[in-house]
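Some notes on the structure that comes next.
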Amino acid sequence: MNRIIILLCCITVAFSSCTSKKQEEVKQTDSLTISKTNWGKVDQKDVFLYTLANANGMKVSITNYGGIVTSILTKDKNDSLANVVLGFDSLSLYQKPNPYFGALVGRYANRIGKGKFKLEGKEYKLAINNGENALHGGLAGFDKRVWDASELYTKDSVALQLTYTSVDMEEGYPGTLKSTVTYVLNDANELKIYYNAETDKPTVINLTNHSYFNLTGGKESNLNHQVTIFADSITPVDAGLITTGKIETVKGTAFDFTTPHTIGERIGNVEGGYDHNFILSKAKGTYGPVAEVLDTTSGRFLQMFSTEPGVQFYSGNFLDGTITGHNGIVYQKHWGMCLEAQHYPDSPNKPNFPTVVLNPGEKYYQLTVYKFGVKQ
Ligand code: GLA
């Protein structure tokens with residue numbers, strides 16, 4: 001923990017020493033840049049689209065509306081660039097209902113059963129937005145808020161730092177929570193996401209990013225993607241997708257991704273498709289490997305690492321061809337897959353799960369990294 005805090009301090013100091021520079025004048029290195037375009041206004045606040053680019057031609061576009069990652073351009077084995085996440089080209093499309101494409105999700109990612117929980121003897125009732133449950137922070141979660149943004153430059157990375165203060169009882173959650181999320185791009189093709197938060201009253205917190213990956217560049221569904229998840233067990237769910245509190249081994253089941261399997265291979269054995277929290281095998285509280293995804297046709301390869309104890313693997317089961325995104329691509333069932341670093345779903349109601357309570361004076365911290373490459 002101490003090492004993590006020291007690392008975080010170094011990063012904050014490194015970034016804050018460079019924050020005063022304006023994007024027009026700064027190209028810290030020839031290779032790493034940030035551009036910024038006006039995207040409109042929400043709640044009288046300016047919304048921008050920022051594009052972080054590196055020496056290899058990788059480009060990550062992020063808007064301060066919902067901290068949404070709108071596109072990630074990466075190269076395939078023939079050096080051809082394509083967008084590997086689902087999303088839209090305009091702000092107005094993100095304001096319409098959509099299944100959290102690229103969004104920064106909070107205050108509590110994933111489901112809280114019946115939208116209520118007890119903290120220090122008091123019951124809190126959350127905004128209900130998924131059957132009888134609370135999902136992804138409620139009706140107006142962090143994905144629908146305008147974040148304050150600043151561009152940061154260091155010698156070997158560019159970053160977008162976003163801050164949002166969620167007021168006491170927003171969407172039913174106690175405590176004023178100040179969150180800072182920093183998206184960092186470097187020349188190693190790593191998109192690093194640092195999450196920090198502090199509260200003035202005890203609260204619960206579970207932040208994540210909800211990008212839908214399609215390493216084919218949207219050419220076909222993700223059923224042929226080869227997935228490895230470094231997890232020996234999952235938290236099974238009931239019919240309403242609420243965790244039962246049990247922990248089950250993946251051995252001998254369609255959830256065993258400890259060696260690579262395509263998504264399509266065994267999805268027929270999983271009712272509704274994959275939409276489950278995997279308990280990562282790495283030691284509790286450490287930063288380590290989460291998952292790997294390979295599209296053998298394009299050669300695109302994604303590696304994911306995190307400090308979080310779990311990852312929600314969602315195979316885009318609710319996509320149904322009613323949404324058209326970038327380049328006129330129709331998002332059919334399984335067109336994108338999510339790997340959401342997180343604490344276990346419904347932890348506030350599951351005392352046997354690792355705690356998600358954040359108290360005043362404590363610092364919430366998460367680092368999750370998506371690293372892109374190619375395999376010939
Ligand atoms: C998550 C959930 C899914 C679904 C999507 C959004 O990842 O686990 O069940 O709600 O978000 O459509």
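Both ligands and their constituent atoms are indexed starting at 1 by order of listing. By convention here, the first residue in the shown sequence is residue 1.
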Min N/O separation Q312 to ligand 1 under 3.5 Å: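 Between Q312 and ligand 1 (N or O atoms, distance only) the closest approach is under 3.5 Å.
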Got an N/O contact under 3.5 Å between N110 and ligand 1?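 In fact, backbone or side chain, N110 has no N or O that close.
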Students should be able to answer this: which protein heavy-atom is nearest to [atom], and at what distance?
atom: atom 6 (C) of ligand 1; result: Y212 OH, 3.8 Å
atom: atom 7 (O) of ligand 1; result: E340 OE2, 2.7 Å
atom: atom 12 (O) of ligand 1; result: P99 CB, 3.4 Å
atom: atom 9 (O) of ligand 1; result: D275 OD2, 2.3 Å
atom: atom 10 (O) of ligand 1; result: R111 NH2, 3.2 Å

Less than 6.0 angstrom from the centroid, inside 45 degrees of the normal: does K375 satisfy that with respect to the ring of F301?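 Relative to the ring axis of F301, which defines the angle, K375 lies inside both limits.
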Per-atom contacts of ligand 1 with F318, taking only distances under 4.0 Å to non-hydrogen atoms: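 Within the 4.0 Å cut-off of F318, ligand 1 contributes 4 (C), 9 (O).
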What atoms of ligand 1 come closer than 4.0 angstrom to any heavy atom of L135?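 So the answer, numbered in order with elements, is 10 (O).
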Can you list everything that forms a side chain to side chain contact (heavy atoms under 4.5 Å, CB included) with I329? Sequence neighbours excluded, please.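 For I329, the residues satisfying side chain to side chain contact (heavy atoms under 4.5 Å, CB included) (neighbours in sequence not counted) are N327, Y331, W335.
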Passing candidate, side chain to side chain contact (heavy atoms under 4.5 Å, CB included) with F101, options T70, L319, V69: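 Looking at T70, L319, V69, the match for F101 under the side chain to side chain contact (heavy atoms under 4.5 Å, CB included) is L319.
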Test item: T182 and Y195 side chains (from C-beta on) under 4.5 Å apart, heavy atoms: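 T182 vs Y195: side chains apart.
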Report yes if the distance between the aromatic ring centroids of F257 and Y274 is under 6.0 Å, otherwise no.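 Ring-ring flag for F257/Y274: true, centres closer than 6.0 Å.
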How does the hydrophobic cluster around L139 look, that is, which other residues are in it when side-chain heavy atoms under 4.5 Å mark a link?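 Once heavy-atom contacts under 4.5 Å are chained together, L139 still belongs with nothing else.
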Once you measure the plane-to-plane angle for Y94 and W39, does it fall in the parallel (<30°), tilted (30-60°) or perpendicular (>60°) bin?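 Rings of Y94 and W39: tilted, as their planes differ by 30° to 60°.
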Checking contacts here: is it the side chain or the backbone of N130 that comes within 4.0 Å of ligand 1, counting heavy atoms only? Could be both or neither.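 It is neither; nothing of N130 touches ligand 1.
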